[in-house]
Amino acid sequence: MFDTRTLALVNGFSNFKLPCISISSCSTKPLKLIGSKSINDIAMNIFSELQRCSSLITLRKLHAKFIAHGLKDTGLSTKIVVLYVSFKRVDVARSVFECLSNPSSYLWNIMVKGYATQGLFGHSLGLYWEMMQKGLKPDKYTFPFALKSCAGLSDLNMGKLVHQHLVCCGCSHDVFVSAALVDMYSKCGYIEAARLVFDKMSVRDLVSWTSMISGYAHNGCNIETMAFFNLMRDSGTQSNRVSILSVLLACGNLGALRKGEWLHNYVIQTGFEFDILVVTAIMDMYTKCGSLDLARRLFDGTPGKDVVCWSAMIRSYGIHGQGKKSLDLFNGMLKAKVKPNHVTFTCILSACSHSGLLEEGKKCFESMVKDFGISPQLNNYACMVDLLSRLGQLSEAEKLIENMPLEPDASIWGSLLGACRIYGNLDLAERIADHIFALDPSHSGYHVLLSNIYAAKCRWKDVEKVRKVMVRRGANKVQGFSLIEFNNVVHKFGVGDRSHPQSHKINGLLEELAAPMKRLGYVPLTDFVLHDIEEEAKEEALLYHSEKLAIAFGIINTPPGTSIRVTKNLRICGDCHNAIKVISKIVNRVIIVRDMHRFHHFEDGLCSCGDYW
DNA sequence: TTAGGGTTAG
């Protein structure tokens, strides 16, 4: 049976008992007929006008009439509440609702829904609780919105509690409720529970499939997203824009260009090619797969571009290190009379940062408030800190953090720590590390960064100390891996990975390349090996980094002259950056590497980032 | 009366 067993699994209980909740029914109150015929006529007249009401102004007039004639607590109230909610005035709807002596379950549902759809999740759940306390039985119309609110708050505990309630109320087989459960668990990051609920569904409609696919995509389960998209199509369920958006996101994350091109074609066949959301997602996919040209071609051919579409294209140039083009596009956006938002400025400031455009970045940052009335948010400050610190203006960056009107988070200090590694500033690094670890003690990346800084100065005792602190704090180092698509399959390599069937050939090629690489001036950067081991062993450890393995796989399996595209989950390592430059020259290939922050296009011994990254 | 969605720093 689905109900209690799934719930027990989700909650990690071996035995699960249904909680007792008191439930009583409540019927919809009919329109109260008031003794005088004229009042009744007025009520009927208002009711028929409410039926036709299509604007907030008309509703306000009818509401005033309703109050003037003392018609409160009648069936008219229900209609007025519903209309206020539909006009997104849930606050006014609440005031009418509060005047009712015994609102129906239907109206409670409308209010729970009203708050949830307005993003007022706490209010929505507050009403949900109140409803339960009054002994009203939530039903299949209540639970999807109560669950949506739990998802909106990422409140897994509350979500589990609502799951228990809906099992008690006999709603666990409802297809809408189940889809909302899948969505709630995946938005709370508990994708395994989402899958358990999905697997137990006896009937799966389009929304249940898309909830699961979107859940996988937004939890970074890219392979599963693609697999589920195929399973959905195999089951005979027609895909829609939401499932297409999810699969495009996963495809971009994997850097799977061939699959992405197939999806673009699929979008054209299924008639979504003029949907601006889908177009933006395709552009983003092409960008992430390293094909800026295809993204731009699509952008140019799209009419009615909105702020999101423009911002996405601005970001595309930014992460490919073409900051000047981002700025040109920003001007084009203003000429097209599309108003930027704070995300647009995040994209443009980040683009300036990747290209080292200090003055341009400063101007944009100032014009946010001055010309557009947009107050900079944390992300915008983070970009400015990154821009300054990457250019070596560490004290100015520190000043900006100390004087910003918002509370800086660990990641803003983290940008400065990244620059301390580039400029070897150990004093500042040690000073700001305290801020960082106070704000985010278990972030593995900052520990690794600090450890890197010590390692570069051969402070091995401190490297060891940081490692011990990491273990104590449970900050596990994220394992690096690189992906490469070949023949519609994405191949994954970890550092020193020997599990691939072609491992022998791959390692052989890297060993073969070592001598010509050295002849072209490549010197292994052993600073990037974080262990106090012999230099020779360090060089060998560097040779089998995941990005080098993936590139060697690409060289072996693709025809001479074709580009090689690799995606890495962490930042590219400095030694690999040097190595790939010379490899691109030796094998005469364009090698495009996407790391967690940006793209590097290697060609003929050079990188598009100009070694500024 | 019921659901799922495109761009956001490092």
Side-chain angles (χ1 to χ4, degrees), chain A residues 78 81-82 85-86 104-114 116-117 139-145 147-148 151 171 174-184 186-187 205-215 217-218 240-246 248-249 252 275-285 287 305-316 318-319 340-351 353-354 377-387 389-390 409-419 443 445-446 449 570-571 595-598 613:
Chain A
T78 300
V81 171
V82 171
V85 167
S86 72
S104 63
S105 288
Y106 165 70
L107 216 44
W108 280 93
N109 290 344
I110 292 291
M111 288 304 301
V112 171
K113 171 193 164 186
T117 48
D139 58 24
K140 62 178 184 173
Y141 298 109
T142 326
F143 290 119
F145 296 107
L147 290 166
K148 185 186 173 83
C171 290
D174 182 80
V175 70
F176 285 82
V177 173
S178 301
L181 265 175
V182 170
D183 185 54
M184 180 278 291
S186 55
K187 288 215 171 94
D205 67 355
L206 177 60
V207 179
S208 353
W209 275 105
T210 49
S211 297
M212 194 65 237
I213 291 170
S214 145
H218 290 97
N240 62 353
R241 67 153 36 163
V242 183
S243 55
I244 290 172
L245 291 173
S246 299
L248 283 166
L249 177 70
D275 183 322
I276 190 69
L277 274 82
V278 175
V279 170
T280 307
I282 299 173
M283 272 169 46
D284 187 53
M285 176 276 295
T287 299
K305 292 182 274 284
D306 63 5
V307 59
V308 180
C309 189
W310 279 94
S311 305
M313 195 66 229
I314 288 169
R315 179 176 177 268
S316 301
I319 61 171
N341 60 20
H342 71 93
V343 178
T344 318
F345 280 99
T346 300
C347 299
I348 197 99
L349 291 171
S350 155
S353 176
H354 284 304
Q377 297 195 358
L378 218 50
N379 279 1
N380 304 122
Y381 278 103
C383 293
M384 280 309 291
V385 169
D386 190 51
L387 174 60
S389 56
R390 240 195 255 245
D409 64 2
S411 64
I412 290 205
W413 288 110
S415 294
L416 192 50
L417 188 67
H443 192 290
Y446 303 135
L449 205 50
L570 303 174
R571 282 194 79 185
D595 73 8
M596 70 188 295
H597 297 315
R598 60 164 300 154
W613 52 284

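Reminder, nothing fancy here: chain letters follow the sequence lines and each chain counts from 1. Computation of the quantities below employed the complete heavy-atom set of this structure, encompassing side-chain atoms and omitting hydrogens, waters and symmetry-equivalent molecules.
- Straight-line distance from the CE atom of A:Met283 to the C1' atom of B:dT7: 8 Å, rounded to whole Å.
- At B:dT7, none of the side-chain N or O atoms of A:Lys305 fall inside 4.0 Å of OP1 or OP2 (strictly under the cut-off).
- Nearest nucleotide to the side chain of A:Tyr446, out of B:dG6, B:dA9, B:dG10: B:dG10.
- Rounded to a whole Å, the CG atom of A:Asp306 is 14 Å from the P atom of B:dT8.
- Each of B:dG4, B:dG10, B:dT1 was ranked by its minimum atom distance to the side chain of A:Ser350; first place goes to B:dG10.
- There is a side-chain donor-acceptor pair under 3.5 Å between A:Thr344 and A:Ser311.
- For A:Phe143, there are no ring-ring contact (aromatic ring centres under 6.0 Å, His included) partners at least two apart in sequence or on another chain.
- Closest to the A:Val343 side chain, of the nucleotides B:dT1, B:dT7, B:dG4, is B:dT7.
- No contact: A:Leu248 has no heavy atom under 4.0 Å from any strand.
- For the pair A:Ile213 CD1 and B:dG6 P, the interatomic distance rounds to 14 Å; values are reported in whole Å.
- The side chain of A:Ser411 has B:dG10 as its nearest neighbour among B:dG6, B:dG4, B:dG10.
- Among the protein residues, A:Asp275 comes within range of no part of the nucleic acid, since none of its heavy atoms lies under 4.0 Å from any strand.
- B:dG10 atom C1' lies 18 Å from atom OH of A:Tyr381, rounded to whole Å.
- Residue A:Phe176 has its side chain nearest to B:dA3 when only B:dG4, B:dA3, B:dT7 are considered.
- Under the 4.5 Å side-chain criterion, counting only non-hydrogen atoms from C-beta, A:Leu249 is not in contact with A:Leu245.
- Atom NE2 of A:His443 is separated from atom C1' of B:dA9 by 12 Å (rounded to the nearest Å).
- Within the nucleic acid shown, A:Leu206 comes within 4.0 Å of at least one base atom, counting heavy atoms only.
- Under 4.0 angstrom from either OP1 or OP2 of B:dG10 there lies no side-chain N or O belonging to A:Arg571.
- The shortest distance between the side-chain N/O atoms of A:Lys148 and the OP1/OP2 oxygens of B:dA3 is not below 4.0 Å.
- Counting non-hydrogen atoms under 4.0 angstrom, A:Lys140 reaches a base of the nucleic acid.
- Within 4.0 Å (heavy atoms only), A:Phe145 reaches sugar-phosphate atoms of the nucleic acid but no base atom.
- Comparing B:dT8, B:dT7, B:dG4 against the side chain of A:Leu249 picks out B:dT7 as the nearest.
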For this session: Kindly indicate, with the supporting measurements, whether the criterion side-chain contact (heavy atoms from CB on, under 4.5 Å) is fulfilled by A:Leu349 and A:Met384.
Result: CA-CA 7 Å; A:Leu349 291 171; A:Met384 280 309 291; 3.9 Å; yes

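- A:Ala180 comes within 4.0 angstrom of no nucleic acid atom, judged by non-hydrogen atoms across all strands.
- At a threshold of 4.0 angstrom between heavy atoms, the contacts of A:Arg390 are confined to the sugar-phosphate backbone, with no base atom among them.
- Among the protein residues, A:Asn379 comes within range of the nucleic acid bases, having at least one heavy atom under 4.0 Å from a base atom.
- Evaluated for a side chain to side chain contact (heavy atoms under 4.5 Å, CB included) with A:Thr210, the options A:Asp183, A:Asp205, A:Asn240, A:Ile244 yield exactly one hit, A:Asn240.
- Contact detail for A:Ala312 and A:Met283: the closest heavy-atom pair is CB-CE, 4.2 Å.
- Between the side chain of A:Thr210 and the base of B:dG4 there is at least one donor-acceptor pair of N/O atoms closer than 3.5 Å.
- Base contact: A:Asn109 has a heavy atom under 4.0 Å from a base atom.
- Nearest nucleotide to the side chain of A:Asp205, out of B:dG6, B:dA3, B:dT2: B:dA3.
- A:Arg315 places its CZ atom 12 Å from the C1' atom of B:dG10, with the value rounded to the nearest Å.
- Here B:dT2 is the nucleotide among B:dG10, B:dT2, B:dT8 with the atom lying nearest to any side-chain atom of A:Tyr141.
- Rounded to an integer number of Å, the gap from NE2 of A:His342 to P of B:dT7 is 13 Å.
- By the side-chain hydrogen bond (donor to acceptor under 3.5 Å, both in side chains) test, A:Asp386 pairs with A:Ser353, A:Arg390, sequence neighbours left out.
- In this structure, the nucleotide among B:dT2, B:dT7, B:dG4 sitting nearest to the side chain of A:Ala312 is B:dT7.
- Contact of A:Thr280 with B:dG6 (side chain to base): a donor-acceptor pair of N or O atoms is detected under 3.5 Å.
- With distances taken from any side-chain atom of A:His354 to the nucleotides B:dA3, B:dA9, B:dG10, the minimum falls on B:dG10.
- When the P atom of B:dG10 is taken as reference, atom NE2 of A:His597 falls 6 Å away, rounded to whole Å.
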For this session: For A:Ser208 and A:Val182, run side-chain contact (heavy atoms from CB on, under 4.5 Å): C-alpha distance rounded to whole Å, both residues' side-chain angles, the deciding distance at 0.1 Å, then the answer.
Result: CA-CA 8 Å; A:Ser208 353; A:Val182 170; 5.9 Å; no

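- Residue contacts shown for A:Asn240 include a base, since a base heavy atom lies under 4.0 Å away.
- Note on A:His218: every side-chain N or O is 4.0 Å or more away from OP1 and OP2 of B:dG4.
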